[in-house]
Asker: 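Okay, handing you the structure first.
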Amino acid sequence: MVEPRAMLDVKLIRERPDFVKAELAKVQAPASLVDDVLDADRARREALRSLEDKRAERTRRSKEIGALPPGERKSAGASLKSLAEAIEAGEAEAAVAESRFEEAMLLVPNLPHEGVPVGSDDSENRVVRVVGEQKSFDFEPKPHWEIGPALGAIDFERGVKISGSRFYVLMGEGARLQRAVISFMLDLHVREHGYVEVYPPAMVKRECLVGTGNLPKFGDALYRDAEEDFWWVPTAEVPVTNLYRDEILEPGRLPIRHVAYSPCFRREKMSAGRDVRGIKRGHQFDKVELVKFVEPSQSDAELDSLLAAAEKVCERLGLAWRVVQMCTGDLSFTAAIKYDVEVWAPGCKEWLEVSSCSNFRDFQARRANIRYRPAAGAKPELVHTLNGSGLALPRVVIALLETYQQADGSVQLPPALVPFFGGDGRLSAA
RNA sequence: GGAGAGAUGGCCGAGUGGUCGAAGGCGCACGCCUGCUAAGCGUGUAUACGGGUAACACCGUAUCGAGGGUUCGAAUCCCUCUCUCUCCGCCA
């Protein structure tokens, strides 16, 4: 039997379609999504019911035949031939109805959390707070695409030569800086925030991407193998969230908090021509990701602490940052509520998004079938999942290079990084 | 990559065409007994979807790695695939 996968509870759509439509309007999604689901649901249930009636009949009569003496079975069975054929036809019909229903369900986005301000697009997002000092310079600060090559830390030309546009090579102290930042962030989250470290596969099967909500709708953002069902992950959120796919977590397991370092791969088709300068947006980048699995009653509080963990990285690195809350119109397909963390890059003079902290509530859990048992013997319920970067790498490197650049062209790293980078924490031209 | 073996419920493990959602054991839950740190006895112990209920109860269907086939009927027969294990080869 096909397992219906839904982002929303079908029952909610069935019983309160007008409410769902109104909520979808807030996230700029059309009401027709609900009607499509309703139509498909009706057709599917009708098909299923008629099929099950036939199967019940067959089971009953087959048992009668089984009770007969062997010699009489064959002739008795002959009369059931047409019923068997009807069942076969009914199965095909039900399968079609089922997949139509599933397709419709998978295209419905998550509903917004009650606390999210209603707005139509990113212009209505709210800056929640601005923290830290936007460093001032007694010289004109340079953008990282000048600092990096001057230090021999970033090689754009060779990146393009070997892999094409949106690729770059980190060299020498640039590569070491990135490695230091990764180690620093992993250590911080593991040792101080209690996350359990995970090193996940960077290639996954398609069903993982359905689970997290990247498929079926956003396949054009992803790379995949041409011959096999391998997809490069766009974020560690995908493999880590799917760690517990199709599992029932026993009492006491929650909350689960994971931190994972992984490379990430994105086609960036939608942003063609944008952010092509520097290392802000590449087809491949590294990221340290935080992922949580929690009981529903805890997910609001867990989002707060997730956000705090991401902000702690900025604080320790001495960067200026701000937190922006997405309005309903700018929520992602999967998030019920979302905050972005942006760091200030004084060279290119931009706020760079380094983390999106989201509570998906049971949206991903339903798609990925991740449940927990509230108590021994109790019925399984869907967990809530959350995630956010802690943080995304190249942009942190940008902010570090630009914030800590010196008049002589060198870069003096903040104290928190020195033990990881080594030496006196200084990058300078060879 | 080559050869072989295997995949059954939380776990172990029976079951080769009919009354098997599946014996038995373990584990677990509840109750009883006992009374001393353990044992005994009893009962229960999957999930999903659909129907049903105020909510339970209850009814139907599906699920014995996955998909397909044979049959009135499949855990059981046939085909394909996936995964696991062992040995060989190769390799970071």
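Just so you know, these numbers come straight off a predicted model, no measurement behind them. In the text below, chain A, chain B and the rest are named by the order of the sequence lines, each starting its count at 1.
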Asker: Between A:P380 and A:T59, which residue's closest nucleotide on RNA chain B lies nearer the 5′ terminus?
Answerer: A:P380
Asker: Give A:R371 one of three labels, base, sugar-phosphate or nothing, depending on what nucleic acid heavy atoms sit under 4.0 Å from its own.
Answerer: sugar-phosphate
Asker: Can you tell me if A:R224 has over 12 outside heavy atoms packed within less than 6.0 Å of its CZ?
Answerer: no
Asker: Applying side chain to side chain donor-acceptor pair (under 3.5 Å), which residue pairs with at least one partner in residues 384-397 of chain A are found, sequence neighbours left out?
Answerer: A:E237-A:N387, A:E289-A:S389, A:S299-A:H384, A:Q364-A:T385
Asker: Using atom P in both nucleotides, what's the gap between B:rU45 and B:rG24 to the nearest angstrom?
Answerer: 13 Å
Asker: For B:rU8 and B:rC12, measure between their P atoms and round to the nearest Å.
Answerer: 7 Å
Asker: Dot-bracket for RNA chain B, please. Rules: Watson-Crick or G-U, both distances under 3.5 Å, ( ) within the strand, [ ] when a pair crosses earlier ones, | for another strand, . otherwise.
Answerer: ((((((((.[[[..)..(.....]]]((((((.......))))))((((((......)))))).[[[[[..)....]]]]])))))))....
Asker: Taking atom C1' in both B:rG6 and B:rC64, compute the distance separating them and give it to the nearest angstrom.
Answerer: 15 Å
Asker: Return the nearest nucleotide to the side chain of A:R49; candidates are B:rG51, B:rU61, B:rC49.
Answerer: B:rG51
Asker: Looking at OH of A:Y168 and CG of A:D155, how far apart are the two atoms once the value is rounded to the nearest 0.5 Å?
Answerer: 12.5 Å
Asker: Could you measure between the two C1' atoms, the one in B:rA75 and the one in B:rG9, and give it in whole Å?
Answerer: 12 Å
Asker: On a whole-Å scale, what distance lies between the C1' atoms belonging to B:rA74 and B:rA22?
Answerer: 13 Å
Asker: Using a distance-only criterion (donor-acceptor N/O pair, under 3.5 Å, no hydrogens), is the base of B:rG50 paired with the side chain of A:E52?
Answerer: no
Asker: Excluding sequence neighbours, so at least two apart, what forms ring pair (Phe, Tyr, Trp, His ring centres under 6.0 Å) with A:Y261?
Answerer: none
Asker: Starting from C1' on B:rG50, measure out to CD on A:E46 and report it in whole angstrom.
Answerer: 13 Å
Asker: Once you round it to whole Å, what is the distance between C1' of B:rG50 and CD of A:E15?
Answerer: 14 Å
Asker: For the pair made of CZ in A:R55 and P in B:rU61, what is the distance, rounded to whole Å?
Answerer: 9 Å
Asker: Say we look at B:rG68 and B:rG13: how far apart would their C1' atoms be, to the nearest angstrom?
Answerer: 29 Å
Asker: Please state how far atom CD in A:E88 lies from atom P in B:rG69, giving the value in whole angstrom units.
Answerer: 7 Å
Asker: Taking only the P atom of each, what is the distance from B:rA5 to B:rA48 in whole angstrom?
Answerer: 38 Å
Asker: Mind calculating the distance between CG (A:D41) and C1' (B:rG51) to the nearest angstrom?
Answerer: 14 Å
Asker: Considering only nitrogen or oxygen atoms on both sides, find all protein atoms under 3.5 Å from nucleotides 71-74 of chain B and state each distance.
Answerer:
residue, atom, partner, partner atom, Å
B:rC72, OP2, A:K81, NZ, 2.9
B:rC72, O4', A:G77, O, 2.8
B:rG73, O4', A:S62, OG, 3.3

Asker: Taking the six-membered ring of A:F293 as reference, does the cationic atom of A:R257 (NZ for Lys, CZ for Arg) lie under 6.0 Å from its centre and within 45° of its axis?
Answerer: no
Asker: Please indicate whether A:R191 has more than 12 foreign heavy atoms, meaning atoms of other residues, nucleotides or ligands, lying under 6.0 Å from its CZ.
Answerer: no
Asker: Can you spot which of A:E402, A:K280, A:R277 makes a side-chain hydrogen bond (donor to acceptor under 3.5 Å, both in side chains) with A:H144?
Answerer: A:E402
Asker: Go through the structure and list residues passing salt bridge (charged side-chain N to carboxylate O under 4.0 Å, His left out) with A:E315, not counting sequence neighbours.
Answerer: A:K312
Asker: B:rG69 P sits how many Å from A:E85 CD, rounded?
Answerer: 14 Å
Asker: What's the OH-P distance between A:Y372 and B:rG10, to the nearest Å?
Answerer: 20 Å
Asker: I need the NZ-C1' distance between A:K11 and B:rG50, as an integer number of Å.
Answerer: 10 Å
Asker: Tell me if the CZ atom of A:R281 is crowded by more than 12 foreign heavy atoms within 6.0 Å.
Answerer: yes
Asker: Check this one for me: any side-chain N or O of A:R45 less than 4.0 Å away from OP1 or OP2 of B:rG60?
Answerer: no
Asker: Please check if the number of heavy atoms outside A:R426 that lie under 6.0 Å from its CZ is greater than 12.
Answerer: yes
Asker: What interatomic distance, in whole Å, is found between C1' of B:rG73 and the corresponding atom of B:rU19?
Answerer: 12 Å
Asker: Of all the choices, B:rU47, B:rU61, B:rG50, which nucleotide is nearest to the side chain of A:R14 once you look at every atom?
Answerer: B:rG50
Asker: Listed by chain and number, what are the side chain to side chain donor-acceptor pair (under 3.5 Å) partners of A:Y223, not counting sequence neighbours?
Answerer: A:H283
